[in-house]
Amino acid sequence: MIHKNTIQHSLYAAIAILILALTGIFGNFATRTVIGESITSSTVLLVLAVGGIGYFMANRAEGLAAKIANGLTGSLIVGAGLVLLMLLESAVDLTFVFVYLKRFPLGKELLFGQELIPGVLLFLALAVLMGVLAGVLSCSSGRIQNTLVMSAAVMAATGLLVNQVNSVIALPDALAVAVAFTVGYVTLFFRKTDTIVYRIGIGFLSGLAVGLVLGGFVAWGWLLDPNDLPRILSLAVESGILFLVIFGTLGAAGALFAVAPANSHNGALYVPLVLVVLGLTNGKRSMTPEQAFIVFVLVAVVTWFMPVLSQRASHQYEQLARPQQRGTRQLSSIFAVAVLLVLPIFAGQYITSVLDLVLMYIIMGIGLNVMIGYAGLLDLGYVAAFAIGAYTVGLLMSPSLLTCGGVHPNDINPDQIQQVCTGVMTFWQAWPFAILTSGMVGVLLGIPVLRLRGDYLAIVTLGFGEIIRLLALSNDLKPLLGAAQGISPIPTPLIDLRSIGINFNESLGNSISIYYLFIAGVMLAAFVVARLASTRLGRAWRSMRADEDVAQAMGIHLIRTKLLAFGISSAFAGMGGAIFGSWLQGIFPNSFTLLVSINVVSLIIIGGLGSIPGAVVGSLILIGLPEVLRELQDYRLLAFGALLVVAMLLKPDGLLPPPVRKLSEMFSEHRAKHQPEVSHE
Amino acid sequence: MTDSQSHDASPQPGTVDMITTSLLKNTLYNPLRLAGGLLIFLLVYVAVTNIASGNYTLEAFVRQSITGLAQGGIYALIALGYTLVYGILLMINFAHGEVFMAGAYVGFFAINAMEQSGMLADHTFLALLITLMVGVVASVTIALLLERIAYRPLRGAPRLVPLITAIGASITLQQLFLRLFGPDPRVYPRVNLYILPGIFKDLECAEVSGAQVCKGLDLIDGLYRVDVLGMNLRIRPVFFLVAFFAIVLMIALWFFVQRTKTGKAMRAVAEDKNAAALMGINVDRVIATTFVLGAALAGAGAVLFALYNQQVTPFMGFVPGIKAFTAAVLGGIGNIPGAMLGGFFLGIVESTGPALLGISSQLKDVIAFGLLVLILIFRPTGIFGEVLAEKKA
Amino acid sequence: MLRKIVLVMGVFAIAALGLSLVSAQDTMGSSVMVPPDGEIVIGVAAALSGEGLAPLGEDIVRGAQLANITRPTVKIGDVEFAVTLDPQDDTCAAEGGQAVANRYVSDERVVAVVGPMCSSACRAAGPIFDAAGYTSISPSCTAPDLTDGTFASFNRVVPTDAFQGVVDAEFVFNTLGLTRIATIHDGSPYGEGLVTVMAEAFIELGGEVVFQDAVNVGDTDFRALLDRVADADPELVFFVGFIAEGSRLASQRFDAGLDEVAFMGADGIFSPDFISTAGDAAEGVYVSSPTPSSEIYDAFVAAYVEEFGVEEPSGPYHANAADAYNVILNAIEAVGTVDDNGDLVIDRAALNEAIRATSDYEGLIGTITCEENGECASAAITIYQVVDGAFVLASETMQGE
Amino acid sequence: MTLLEIRDIHTYYGKIHALKGISVTVDEGEIVTLIGGNGAGKTTTLNTISGITPAAEGQVILNGEDITSTRPHEIVMRGVVQSPEGRKVFTRLTVTENLEMGAFARSDVAGIKRDMDYVFDRFPRLLERRTQLGGTLSGGEQQMLAIGRALMGKPRILLLDEPSMGLAPMLVKQIFEVITYLNTENHTTILLVEQNARMALSIANRAYVLQSGAITHADSAEALQHDESIIEAYLGGH
């Protein structure tokens, strides 16, 4: 009845969890509340560890009794392991070796405030309960499992993120948005194959209707105190037209996504849901049990009906004529872009600054894809180009040896700096130089390593990355690069349109405004690289990656092709670096460590080599997630490392591999070898 | 399985390869070599000027070389592991530096326990031996787990995939040790291991109840002034011990690979895993053996390193790991004596370079990596490299 | 089709633009409102991760926590408001400083910030706090140019390197009577900055800096460098950096024959961890630190030891952090008002002004009087020496003007 | 008596369906040959038997024992030895070391010595070059080495993959003589994969014809040699 591997695998899992427990993780996480005061990250972790293993073990068996037996075994083994550790902890002083147990003793967290023996018994009872529940859950239908797991996950995630993602949207705003969207969605729900224009029109009108009603209520003060209106609803009073346009648009969006492929339909449907959840927890430092319950129910309802709705939507979508389908897709992407554009206004400085960082890594990921994904050249020193871009902007935008005609700014009388340092550029003048310099240095660094392949290239480029950082840091170059002090301050990019007659003079001084610059950078990078990939050069890269000798025999100019890959790839890093320097308003050599290179390489591989959406997803996961979960900072890098390993074990092609060729097929010599009959003449 | 086939299928002479080579030679590499040559000339010029002006003396060179010898020995011991694994799997085992670190850490707990119990003082040699064994066992365990969990399932995957896994494993191990044992350095006790009291009659002497008693040469913690050829040197025997260890272990390893059945199987597996399997060789076991050998060397190196550097931190493996890989490449990766010589070479260059060129010591890594680039320009296969290096990515 | 798309895009563009314009109007509130049952949130930004850095950051957080425990509320009129801390990791780097600052300014409940910890982080956080009208008091950012008027929001309760460097130089030259020194830093802005100031001051006094170099963080073998130092034949090695590198340099200096040469560090290694790590090699090492020596300070340390169950504070800045906390609370008491609803209203600009108007506050680090530029430290530097495994006073506390 | 039987084997490379249900039996003492064009799946069949590319479906049965998911080196230990296509001599091991590798699974020192002498006896050229690296041998010598190496494993059944590939006609003849000798004198059962169908059929007892991963003909070698369609397709007409 118990599966042959259950005990063995549970033991492995228990050992892994025990090692984690020895890092004091349970006590450490207990300082972070998720729901109310009593449910902490530690509780979530415990449920994941004990119940999760039970569920995993239960899943491999058939039938309720067998599932419960397996689940119970799994949970009990893990639970017993933890109990043993607690007993050991109470008997022996482990804190010399495992220092974190001193601050976060295991028993303090896991014994629920009981004495050792009753606490242990309680704990074991809990493990038994979780094992049984896991077995029962595993026995229920897939839809129930999905709903429960999803709701619980969203609830826990919300609880974790509440403190980070506060003041995003007020509840009335969120509800209004959700209502407008839903009304648009429902209006078109039962109509099948209307043209897009018709659909959008109906949706817009229904959204408008919602807007009129809500706006009326708000304007007359029936719903809310007119002095205390949240951001969107206040528009009803301040600027009625804009308010109506927004609501019409929301209705139109609802109508559009009611007839859409499953993925975009589901994605769109979760947006108002997330907004409402955010609205619920707005301005709170932690989530109360009542809020948690509402979130759970909301998510459960949406998830429960999602399969039906999504099937209906994609069914209707498939019945559309081809041009209609294309139009729907295009419009959906426009909506997505629009959401992207208004996002930072709601998300606030912190979330936006995280997004900025994510976008910066997307630019670099797209750039590095040229090297690794297309040309097959493994570059572990990408940070060099990044640093050069940043330093170029820093040197050109502030008084320096370069801009002051070879005189060190410290030797200049501060009053005369403006007269002497005539070379100081604006960001827009310096940016192209940064891109160019990075690209050129990329080519220069590429030359000596042209002949190298694979791992030699990796280690040499890694060396380059370190060389650039150390040169920037070194005392020997202090007059130019500022050594450890770096270069600061650097002005932020300034958009000054007064010279062309428009009264606009805005500095991109904060994370929100620079977000748009990053977005522009990402778009540019994605556009250029996507275009390049389909040109002759792109094909040349791909054939070079497949086999250099054959590529050469086919008339591909290897040197030029390789150097172009180096140059273009580096230029994008320079572009990102330039914005980075200006965003940070200062450059410090310690920002340019090997970890940057590793991050970029990892994110494009996790996302899927050669795939632009992959770079986006990879960056969100590897850069965005750890930043937002800064609370768990002690375990950030540990999770990062483990994620790299696990992701590669489970999805070696990355999460979003490019559609045509998967990574494994692109580097396909090892497969061809198994088919000698095909390959030899 | 990896693309062990590819080098068999290297292009026939007289065809594409020739074209490539001649093209590269005629268009780029001569100017490049010229540039490289100029750079070397410049460096030599700076060094010579430095020496001529009396800023740098032979004495300083010798002193710094001795330090570099020890550091180089450590690099060599780590580099051997890299070279072994690379030779057989064509994979950079990025986490090898962490394997080294693990040895030092677990060794610390062993030696610390023995210090507490007084065993270290009473039976120093035995205690050191046990520490060494514990360190080796720890490194080997970690390496085996690494191979089993992170690398073996990916053996058929494209080259980049195990590299990312290795980087991930490296970060995971580093962070796991950090979270388990804390960020503060653990400090090895200072150990006095006296040897050869008969020969070193005038060392470490003390009056014991009126009589002159000499303990001999302190192999680990000793520090002696020696005047040789008019040079006033300060010598720590442990530096030579490390270098000696590295050489002995390298030779042992070389014999193992050349002479034993398992060693020959390792070479066969390195060449063609499928063909080796068809001979009845258990490829998995041979690969695991390779990891074990590499890890054992790293573990031994780690304990030695910790014995004279005292401090052990979770981050101690990373930089030496990268340096050791550089050393392995310098020597020609896959080449056992090459890895060792590369390690010594790198250690000594790093140690003497900044002073010789009169630049900041911050730039010693620049010297190391610059040297790598120069060598790869002139000898892309490393100093002692062979065909292996021409394998494709 | 294309026309329709353009049309729709146009509508979106208008919507987006309109939204951003509208939202641009209601930027950060210029004042904080705390409801009667709410809490006054004070951010604490310090490095909480990283080898050799975490103990220093933890020390800052503990200092603020202890101050928070002893003074948990602010009383405006007769209404009391509780104060809570929000510690965040600034990683002792520019990016970290930026992220932390963004985090605090997007949380409108944060009234003021103690921190960041390192000069690079302070520099990156400055513009963000400035733009949002926040105010911060750093317990440990010592780079001299931070108070040159660039940042309106930056204040500090720690003497600048400009002062500490001079004191260090004077101590070496006058008190120890040494004239030849070698300097080493760790490549951090802090290390490089302090070493530069100290070297300049030392030369000015008539001393000679015979060797200057730096180490890379993470390196383990500094013997070759120390060998070069020994060749230059200094009488004292002055190192500024953190514990990991400091203890390695201290232990390895014997291998290079620097037995007779004095070794001196600064606040970055002023921690019991330095002594435990360097072991015997720490004996005789001089350390300069802004940590004061007074009775109220000793009482504070005693409370610290009790509260956190440690043997000694893990870094030098706990007192500065506590003082920063108290200066902020004093300022809140000065400018906070309770409105009709019972909400506490704190005007951010006024708060910053109130901080800069602080005068003659008797803090743990001495008498605190702020200047216009945010320089609040009672400039006091104490020099310690490690004797028998503990820091003991090596000089009287040197007071600045 | 059936020594080796494969039943309805399906093998995949990624998504490529290489073997689509192949069944072959080899009796004790027989020479059975698999013939077919490029990409027909001959080598895949051998690799599936040897466990290099395990079958997704179907069974490989050796002497009544299921060895479908047994690992390659264990299959060798059970006496199924393959001499792979393209010889796959270890180029950086000496000739002697190559032969030692062939006997890797064995531990009877005397037997190994005897068998090595036997190989050197059969292939005197190898004896001359015993200390040379495998990579320095000529193609014919490498093929001798490959077969010798396979013999060192003391096979009950020897899987030979394209032993004649790329060799001069003289050498081909010699190699085939050795194969026949192994079969008749040593009673080694042989499963032979060949492109040189004429030659293969001339020495084999039975033969299977593979095309696109499926068996199209199975008969005695004699019969196939005279089958018109086979002659047309594989024996190069008349």
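Labels below follow one simple rule: chain letters A, B, ... track the order of the sequence lines, proteins then strands, and each chain is numbered from 1.
Proximity to chain C is absent for every atom of Lys102(A), based on heavy atoms less than 4.5 angstrom apart. Looking at Ile587(A), neither its backbone nor its side chain comes within 4.5 Å of chain C, counting heavy atoms on both sides. Of the atoms belonging to Leu584(A), heavy atoms from both backbone and side chain fall under 4.5 Å from chain C. Proximity to chain A (any heavy atom under 4.5 Å) is shown, for Ala93(C), by neither the backbone nor the side chain. For a residue to count as touching a neighbouring chain, one of its non-hydrogen atoms must lie under 4.5 Å from one of that chain's; by this rule Gln485(A) touches chain C with backbone and side chain alike.
One side chain, Asp86(C) or Gln88(C), offers a donor N or O that lies under 3.5 Å from an acceptor on the other. Side-chain atoms of Glu95(C) and Ser591(A) include a donor-acceptor pair closer than 3.5 Å.
Of residues 184-192 of chain C, those residues with a non-hydrogen atom less than 4.5 Å from any non-hydrogen atom of chain A are, in numerical order, His185(C), Gly187(C), Ser188(C), Pro189(C), Glu192(C).
Residues satisfying the side-chain contact (heavy atoms from CB on, under 4.5 Å) test with Glu39(C), not counting sequence neighbours, are Ala82(C), Thr84(C). Every residue meeting the side-chain contact (heavy atoms from CB on, under 4.5 Å) condition with Cys141(C), not counting sequence neighbours, appears here in chain and number order: Ser119(C), Cys122(C), Ser138(C), Leu146(C), Phe154(C). Residues satisfying the side-chain hydrogen bond (donor to acceptor under 3.5 Å, both in side chains) test with Glu58(C), not counting sequence neighbours, are Arg103(A).
At least one cation-pi condition fails for Arg469(A) and Phe592(A): the charged atom is not both under 6.0 angstrom from the six-membered ring centre and inside a 45 degree cone around its axis.
Between chain C and the options Pro489(A), Gly486(A), Gly482(A), Ala484(A), the largest number of non-hydrogen pairs under 4.5 Å is found for Ala484(A).
Between Ala182(C) and Val229(C), the shortest heavy-atom contact is CB-CG1, 3.9 Å.
A 4.5 Å side-chain heavy-atom check between Val105(C) and Tyr350(A) finds every atom pair outside the cut-off.
Ring centroids of Tyr104(C) and Tyr134(C) are separated by 6.0 Å or more, keeping the two rings apart.
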